Student: 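To start, I am sharing the structure in question, which I have written as structure tokens.
These numbers come from the heavy atoms of this one structure, side chains and all, not from hydrogens, waters or symmetry mates. Lettering of chains follows the sequences in order, A, B, ..., and the numbering in each one begins at 1. On a predicted model such as this, the values are computed, not experimentally measured, just so you know.
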Amino acid sequence: MKIALSWIKEFVDLNGISTDEIVSQLTMSGLEVEDVVDQSNLYKNFIVGFVKETQKHPNADKLTICKVFDGKDDLQVICGASNVSAGQKIVFAPIGTEIPNGNFVIKKAKIRGVESNGMICAEDELLLSDDHSGIMVLDEKLEAGKSITEALNLNDVILEIAITPNRPDALSHIGVARDLAALFDRDLIIPEIKLSESSEDVNKLASVIIEDEVNCPRYIAKVVKDVKIKESPKWLKDRLEKIGLRPRNNIVDITNLVLHECGQPLHAFDLDKLSDHKIVVKSTKSETSFTSLDSKERKLPLNTLMICDASREVAIAGVMGGENSEITETTKNILIESAYFHPSSIRKTSKTLGLSTDASYRFERGTDPNITKYAAERCAQLVADLADGKIANGIIDVYPKVINPKEIELRFSRTTKILGYDVASEKIKNILSRLGLAIKVLDEDKLLVSVPTFRPDIEREIDLIEEIARINGYDNIPTVSKINITLEKKTDETEVDEKIRQAATSLGFFEMINNPLQSEKEVKISGSPVKLANPLSADMEYLRSTLISGALITVSKNLRQGVKDIKLFEIGDVFNKTNEGEIKSFDDFTEDQNLLFIISGKEQDKGWNTEVIDSDFYLLKGLVDSFLAKVSLDNVLNDSYYAAANEIYAYYLTKNSNGVELGKGGKIKSDVLKQFDINQDVYCFEFNFTHLKNVKAKNNGYVDPLKYPKIIRDFAFVLDKSVKYLDVKEFIKKKSSNLLKEVSVFDIFENETLGENKKSIAFTLEFYDKDRTLTEDEVEKDFNNLISLITKEFNAQLRGK
Amino acid sequence: MLDKNITEIKESFYTDIKSVSSIKDIEEIRLKYFSRNGLVSQLFEDLKDVVKEEKPILGKKLNLLRNEVSSYFEEVKERISSTQSNKENEIDLTLPGKNYIVGSKHILTQTLDEIKSIFKGLGFSVANGPELESDYYNFESLNFPADHPARDMQDTFFVSKDFLLRTHTTPVQIRLMEKQAPPVRAIMPGRVYRNEAVSARSYCMFHQVDGIYVDTDVTFAELKGTLVSFAKQFYGSDLKYRFRPSFFPFTEPSAEMDITCYLCHGKGCKICKNSGWLEILGCGMVDPNVFKFVNYDSEKYTGYAFGMGIERIALLKYGITDIRIFFDNDLRFLKQF
């Protein structure tokens, strides 16, 4: 919101206080000043110039060579605007002037070979408007050489203030002035209105009925007759333009002026367009369409609060007037509306229509029901003064239930308890009074505070404490240098996540964070994803049901950037619906934390001393197993293997605990890859991390390093191709004596000499005992026994014999 | 005679060994002096023929000689053989070492880790909560009435009428207070969502850390002390700061904390919009209405709460200009941290 300091000063005496101090105090009391435009500084170098002569530029069609008189000398200036002509008074920027829009400084220059000594300005260059259609042409009576800050009254300071939603009272010049009065301990001056009314009774000219008293607790109408619609006087136009409003006509401009002065939105109807000269405030009983004064036809839902006349709707209450009753050049008699509407009613309307106006913005935050009369009278008097109207006698004020100030008890002791320091009771009383609150001392510790209706945000003792804190300054609240720390157990629910991240990064994985909002096509690769009711766009319409989709998006993006070797992990939440219906409770969906590993391309590059390692299923499996070992979950989970494809994987394994699947991964199917525009193999493993966290890690305790030598034996068998390594290994472990402790594979191959559908697997067997040295004989016996058993069981042939 | 020989052999040994330059030379000296028939061995042979009276003295002398020259010989042999073997293998130490890749946590995780560790040091626990939240936890219990403009402060993604993607991590405060009686002191990191157009400066998803402390006698002064301590640990101890009144429905009084712009040191620049200040967090005293929702007695207990955005902190700290880069997951970016 823009505030003009000169306007503020009509309501509070700020003599002797610098702009910097005003700005800083406003910000530090909760009215954050986001921008300050000091016009007298901004325009200090600009002067009124007189264009004496013009002639065409010899080398450019669109340029004009002007002789400009700056009050002392005639200067040659090149101008590009088509509307420049001799005899005009213009805004002249001499050499050395900084131009506000673009921060450049005017220098002596040659433009297409002709010297130019300054610039003739357009409105946009001065940040006065967006207009760049031509140069600003000034009143010809202005004296050349005079500073424009003086000549055009551009000597104000404009503040851009961010008003938080709890402070509707500050959405006007009087509102801001009231805070300044409290901050600088000065008086707030609200000028009295000297109303000059005609003898004609307003009740004979119009009538008002409120049918919906809940949503419209008060409606005031004031009638002014015989108005002349015309351009507003300069002072009024200047005032509106300073705060960024475009002047229209005197009536509209006056309602805007009063709005920005005291915060009450007003609307002026053409009285003669209201049938029976009647206002009825009621909510729509059916869906209606209505043309607002911006000429747009709007569909009004059921229960929209409307202003109607005897036969039809004439305005959307609190939001915008209607085209059918608006002020036009021919309007003679007007009805000024000054009402109080219920905030949530206006908010609903504004939200459903997607239409926010200066009026609805204030009504939905809460206006003052008791400023309505002042605003109506102020407006009527200005109309009388500036549009030659005659104010009808009296006021129509429908106010069935008067809204009175709230009374709240405030304890000084409570103030200290919350803020952590004592604010002197006299100081507290002064702050509250300056803010317009009435106080009564109840006892030594207690005040009874009466809060006027312009402060709907102050409802409780704590709200009063905030007022004291912010006006007295947060800087005055001490900053303690010690705190108490309780000695009870501290918990960290993210501790496990951290361990997981450590383990993953130590294995060479980089962490990614993907956007869980994805397109339908992307999320539908698995699960039952949750759809958003109001997505930002189609490519972010769903919540992911797996981490795989996001990971594949990331792989695809990296490939497009030429990054082909991928080793990434992610910890993140995934969402799945548990039934088809609308989500009405936490049972209708699951939110699980998942953990995903994804690899693609080369794990290791060819180097001068390294061989290429490509990502493949066994690399994935090894990484996942190493990861589980790092987090002490190895040997706790069982693997299951699936050689046939599912919806995502061409082949995969699962990790299970007590029959519950905790994770799954393998080679991503090529049609899934194609969908993500990926043209190289990708391997990925996803854990349900929420479930994985619940698995109890093994606790091995400490094992003494082996003191006695191991005896190591190798053998290799030619087997049918269909025989699985794991089956042979399990068989060996089952059939051997307890001296055999480890079985591992060290070679595997197929070739023609082995025969079709045959392969060779070579095993290493480790025999040892922690309490003694084994003899060759006992190992040999066990080893030979295994050879004959394997040969029989698997129809195998021992190699090398 | 033997005495004289001892001196001569000693001298000749030192002369010979000076000119040694290869393993071959070493071998020659070994043969000449230390082999079975070498000169030193010969001296011991000669000792047998010496008269009885002189034997102990000469024997001692001979032993000293043998120890001295043989240890010097070993030293030289060691030196020669080590330089010789290097020359023979010609190892090129300038070749690069084996490339070993260790991964890394996302920069946002790293930033969060730093914040977490500071607050854990100040006695805070760490708590989690769901991202898909109910309207009750995200808004209602945090004193955002339905149809109140305060809801406009946080554009929301809804999945149904009553369920939404949380717009802040503050709902975890409610969940925590529902579970336990005061004192409560915890931070709540997590992911939040806002229905805002994606640009260099804003993303529809980001991360926050909220914090809360409720006990008897918690004051605004303590809130200031705690947050100043955090900011000084995180941003540096010479930091200047200010607390400015603001508005959040769930705190009263509310404040925003600014620190001097680290880029312009308060002079005013593009990053701080010429104000010289950077807003780093929002905070305030827990609103009594919030206590009502979790059945805490607001006469007995007071508390403070705060919240900050992690992306914003990381953007400022690393001079990153586009927030989207955090979620592009370009490995060339991820590997830098």
Student: Based on non-hydrogen pairs under 4.5 Å, which of B:Met153, B:Met285, B:Lys335, B:Glu256 is most in contact with chain A?
Tutor: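 If we count pairs closer than 4.5 Å to chain A, B:Lys335 comes out on top.
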Student: Quick one: what part of B:Ala197 sits under 4.5 Å from any heavy atom of chain A, side chain, backbone, both or neither?
Tutor: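 Only the backbone of B:Ala197 comes within 4.5 Å of chain A.
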Student: Step through it carefully: locate the ring centre of B:Phe326, locate the ring centre of B:Phe206, and say whether they are under 6.0 Å apart.
Tutor: no
Student: At a heavy-atom distance under 4.5 Å, which candidate from A:Asn534, A:Thr164, A:Leu507, A:Asn558 has the highest pair count against chain B?
Tutor: A:Asn534
Student: Examine whether an atom of B:Tyr304 lies under 4.5 Å from a heavy atom of chain A, and if so say whether it belongs to the side chain, the backbone or both; otherwise answer neither.
Tutor: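 Looking at B:Tyr304, nothing touches chain A.
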Student: Is B:Leu223 close to chain A through its backbone or its side chain, or both, or neither, when contacts mean heavy atoms under 4.5 Å?
Tutor: neither
Student: Taking the six-membered ring for Trp, are A:Tyr542 and A:Phe575 ring centroids under 6.0 Å apart?
Tutor: no
Student: For chain A, which of B:Phe333, B:Tyr193, B:Phe158 has the most heavy-atom pairs under 4.5 Å?
Tutor: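 The candidate making the most pairs under 4.5 Å is B:Phe158.
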Student: Non-hydrogen atoms of chain A under 4.5 Å away: do they reach the side chain of B:Asp328, the backbone, both or neither?
Tutor: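 It is both, since atoms from each part get that close.
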Student: Given heavy-atom pairs under 4.5 angstrom as the criterion, report whether the side chain, backbone, both or neither of B:Val102 touches chain A.
Tutor: both
Student: Please say which of A:Glu495, A:Glu570, A:Glu511 ends up in a salt bridge (Lys or Arg N to Asp or Glu O under 4.0 Å) with A:Arg501.
Tutor: A:Glu511
Student: Under a plain distance cut-off of 3.5 Å, with no hydrogens placed, do A:Thr494 and B:Lys116 share a side-chain donor-acceptor pair?
Tutor: yes
Student: Verify the ring-centre separation between B:Phe291 and B:Tyr301: is it less than 6.0 angstrom?
Tutor: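 Centroid distance B:Tyr301-B:Phe291: not below 6.0 Å, so no.
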Student: Hey, what's the ring geometry for B:Phe139 with B:Phe144, parallel, tilted or perpendicular (30° and 60° as the breaks)?
Tutor: perpendicular
Student: Does any backbone or side-chain atom of B:Ser104 lie under 4.5 Å from a heavy atom of chain A? Answer side chain, backbone, both or neither.
Tutor: both
